[in-house]
Student: 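The structure under discussion is supplied below as structure tokens; questions concerning it will follow.
Chain A is the first sequence line, chain B the second, and so forth, proteins listed ahead of strands; every chain is numbered from 1.
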2 protein chains.
Amino acid sequence: MRIRDVAATTGLSAHTLRWYEKIGLLRSVERDRGGRRLFTQDDLRWLEFIGRLREMDMPVREMVRYAELRERGEQGDATLAARRELLEGHRQRVRERMDRLAACLTHLDDKIAWYRGQEDDHA
Amino acid sequence: MRIRDVAATTGLSAHTLRWYEKIGLLRSVERDRGGRRLFTQDDLRWLEFIGRLREMDMPVREMVRYAELRERGEQGDATLAARRELLEGHRQRVRERMDRLAACLTHLDDKIAWYRGQEDDHA
DNA sequence: CTACAAGTTGGAGTGCGCTCGAAGTCAAGC
DNA sequence: GCTTGACTTCGAGCGCACTCCAACTTGTAG
């Protein structure tokens, strides 16, 4: 797959995909003889995965760290525990975030209910 | 209350409080004869409120819009519906965000479980 | 009266995550 | 062979939400 195909299927821009490679989020992307990037199915799966991490607000720096561990651990399992811990740390943060969102949402619902009350009084 | 007190109780910096005033998020903050800001209990409640909106990732622009409506509606209720709609719109976005977070979290939990499996295989 | 902390203003700078532009290369269609 | 358009690299620019700096004024304590 070439860059525009990946852009189309992931929703990321070609600019962003090149930038991901530059910062080390995408590693060892192949080229054809013209120097154009060729993405594999594995690359797509990886982009899907980091897309979810991003959706959970993982900082790009941390994703790059995960990518590094993944590459270093290609042949062995030396980095398995480190990767799991990184993900667990993030899971914890997401849980806390969701809890805070839920709490704020309760307040917001109260406020909206109050506005409805005001409007009814004047109806 | 002076700016440092508000900074201490809200956790916002004095810089940020001045900036909030500049962009119109805080309106009509009083001054003493030396020109120093004097915040009221109402200001504190307002800061608490917008703190929650911020925690729910409402853009500052939208909070400013809410602040404007609130000021325009001080004497009447002309802006009540508009304010309620603004909040309802944001509530909807927060709900969607939480749903997406929950979905991502499920994937993340699966991934973490997979890592645990790998580590156990090698134990 | 002096020293000094805490405030004031306006404007510049920061970190993040892209996003865009310029200048050049490559390959497929006519 | 020439045009067209998608690609390449490098580096600059942007929007957001602050964050900090410089230069100055104010009010309190010794």
Side-chain angles (χ1 to χ4, degrees), chain A residues 1-40 43 46-68 90 93-94 97 100 104, chain B residues 1-40 43 46-68 90 93-94 97 100 104:
Chain A
M1 276 179 115
R2 295 213 313 223
I3 201 164
R4 75 180 176 310
D5 307 312
V6 179
T9 61
T10 61
L12 298 165
S13 72
H15 282 306
T16 301
L17 289 167
R18 286 187 207 105
W19 179 69
Y20 275 8
E21 188 184 10
K22 188 164 83 182
I23 64 174
L25 248 193
L26 285 169
R27 294 171 165 262
S28 60
V29 178
E30 300 293 321
R31 307 291 155 114
D32 64 13
R33 27 196 164 72
R36 292 180 301 193
R37 287 169 183 80
L38 290 175
F39 295 83
T40 64
D43 291 328
W46 168 244
L47 284 168
E48 217 172 292
F49 176 65
I50 63 179
R52 277 195 297 270
L53 294 182
R54 261 197 46 59
E55 182 124 28
M56 292 186 279
D57 297 315
M58 180 181 282
V60 167
R61 304 283 276 283
E62 204 166 335
M63 292 195 271
V64 171
R65 212 177 115 47
Y66 184 89
E68 280 163 3
H90 195 67
R93 285 189 286 283
V94 174
R97 178 106 185 82
R100 285 198 308 276
C104 288
Chain B
M1 276 179 113
R2 295 215 308 229
I3 202 164
R4 75 177 175 303
D5 306 312
V6 180
T9 61
T10 61
L12 298 165
S13 72
H15 284 305
T16 300
L17 290 167
R18 286 188 206 105
W19 179 68
Y20 275 8
E21 188 184 9
K22 189 163 84 183
I23 64 174
L25 208 41
L26 286 168
R27 293 168 167 261
S28 62
V29 178
E30 301 292 320
R31 306 292 154 114
D32 64 14
R33 22 193 168 77
R36 292 178 303 191
R37 287 169 183 80
L38 289 176
F39 294 83
T40 64
D43 291 328
W46 168 244
L47 284 168
E48 217 173 292
F49 176 65
I50 62 178
R52 277 195 298 270
L53 293 182
R54 213 172 44 104
E55 181 123 30
M56 292 186 279
D57 296 318
M58 182 181 281
V60 167
R61 304 280 276 284
E62 205 165 337
M63 292 195 272
V64 171
R65 211 175 116 50
Y66 185 90
E68 280 163 4
H90 194 68
R93 285 189 286 282
V94 174
R97 176 106 185 81
R100 285 198 307 275
C104 288

Student: Nearest 0.5 Å, please: how far is CG in B:Leu25 from CG in B:Leu47?
Tutor: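 It comes to 8.0 Å.
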Student: Are any protein N/O atoms closer than 3.5 Å to N/O atoms in nucleotides 5-9 of chain C? If there are, list each pair with its distance.
Tutor:
{"residue": "C:dG7", "atom": "OP1", "partner": "B:Arg4", "partner atom": "NH1", "Å": "2.9"}
{"residue": "C:dT8", "atom": "OP1", "partner": "B:Arg37", "partner atom": "N", "Å": "2.7"}
{"residue": "C:dT8", "atom": "OP1", "partner": "B:Arg37", "partner atom": "NH1", "Å": "2.9"}
{"residue": "C:dT8", "atom": "OP2", "partner": "B:Arg18", "partner atom": "NE", "Å": "3.0"}
{"residue": "C:dT8", "atom": "OP2", "partner": "B:Arg18", "partner atom": "NH2", "Å": "3.3"}
{"residue": "C:dT8", "atom": "OP2", "partner": "B:Arg37", "partner atom": "NH1", "Å": "3.2"}
{"residue": "C:dT8", "atom": "O5'", "partner": "B:Arg37", "partner atom": "NH1", "Å": "3.3"}
{"residue": "C:dT9", "atom": "OP1", "partner": "B:Arg31", "partner atom": "NH1", "Å": "2.9"}
{"residue": "C:dT9", "atom": "OP2", "partner": "B:Arg37", "partner atom": "NH1", "Å": "3.0"}
{"residue": "C:dT9", "atom": "OP2", "partner": "B:Arg37", "partner atom": "NH2", "Å": "2.6"}

Student: Less than 4.5 Å apart, any side-chain heavy atom of B:Thr9 and any of B:Met1?
Tutor: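 When only atoms from C-beta onward are counted, B:Met1 and B:Thr9 do touch, with a gap below 4.5 Å.
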Student: Do you know the tightest heavy-atom contact between A:Gly24 and A:Ala67?
Tutor: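 Looking at all heavy atoms of both residues, the shortest contact is O-CB, 3.7 Å.
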Student: Verify, without hydrogens or angle tests, whether A:His90 (side chain) and A:Met56 (backbone) share a donor-acceptor contact under 3.5 angstrom.
Tutor: yes
Student: Shortest non-hydrogen contact from B:Arg97 to A:Asp57?
Tutor: NH2-OD2, 2.5 Å
Student: Which whole-number value in Å describes the distance from A:Arg33 CZ to C:dC26 C1'?
Tutor: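 Value for this atom pair: 11 Å.
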Student: Under the salt bridge (charged side-chain N to carboxylate O under 4.0 Å, His left out) rule, what pairs show up with a residue in residues 3-16 of chain B, not counting sequence neighbours?
Tutor: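 For residues 3-16 of chain B: none.
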Student: So what is the end-to-end bend of the helix from C:dC1-D:dG30 to C:dC30-D:dG1, with 5 pairs used at each end and the value given to 10 degrees?
Tutor: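 It comes to 10° between the two terminal axes.
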Student: In whole Å, what is the span from the CG atom of A:Leu17 to the P atom of C:dT19?
Tutor: 11 Å
Student: Would one find more than 12 heavy atoms of other residues, nucleotides or ligands at under 6.0 Å from atom CZ of A:Arg18?
Tutor: yes
Student: Take A:Met63 and A:Asp32, find for each the nucleotide of DNA chain C with the closest heavy atom, and name the residue whose nucleotide sits nearer the 5' end.
Tutor: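 So the residue in question is A:Met63.
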Student: Of all heavy-atom pairs between B:Ile50 and B:Met63, which one has the smallest distance, and what is that distance?
Tutor: O-SD, 3.6 Å
Student: Testing the basics here: between A:Leu26 and A:Phe39, what is the closest heavy-atom pair and its distance to 0.1 Å?
Tutor: CD1-CE2, 3.9 Å
Student: Check whether any side-chain heavy atom of B:Leu38 lies under 4.5 Å from a side-chain heavy atom of B:Arg2, and answer yes or no.
Tutor: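 With C-beta onward as the side chain, the pair touches.
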Student: Could you report the tightest heavy-atom contact between A:Arg54 and A:Tyr20, atom names first, then the distance?
Tutor: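 For A:Arg54 versus A:Tyr20, the nearest heavy atoms are CD-OH, 3.2 Å.
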Student: Might you list the N or O atoms of the protein lying below 3.5 Å from N or O atoms in nucleotides 12-17 of chain C, with each pair's distance?
Tutor:
{"residue": "C:dC16", "atom": "OP1", "partner": "A:Arg61", "partner atom": "NH1", "Å": "3.4"}
{"residue": "C:dC16", "atom": "OP2", "partner": "A:Arg61", "partner atom": "NH1", "Å": "3.4"}
{"residue": "C:dG17", "atom": "OP2", "partner": "A:Val60", "partner atom": "N", "Å": "3.4"}

Student: Got a sec, which residues hit salt bridge (Lys or Arg N to Asp or Glu O under 4.0 Å) with B:Arg61, two or more places apart in sequence or on another chain?
Tutor: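 Checked B:Arg61 against salt bridge (Lys or Arg N to Asp or Glu O under 4.0 Å); zero matches.
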Student: If I compare all heavy atoms of A:Ile3 with all of A:Ala14, which pair ends up nearest, and what's the gap?
Tutor: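 Result for this residue pair: CD1-O, 3.6 Å.
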Student: Walking along DNA chain D from 5' to 3', note the first and the last nucleotide with an atom under 4.0 Å from a heavy atom of chain B, and give both.
Tutor: D:dC16 to D:dG27
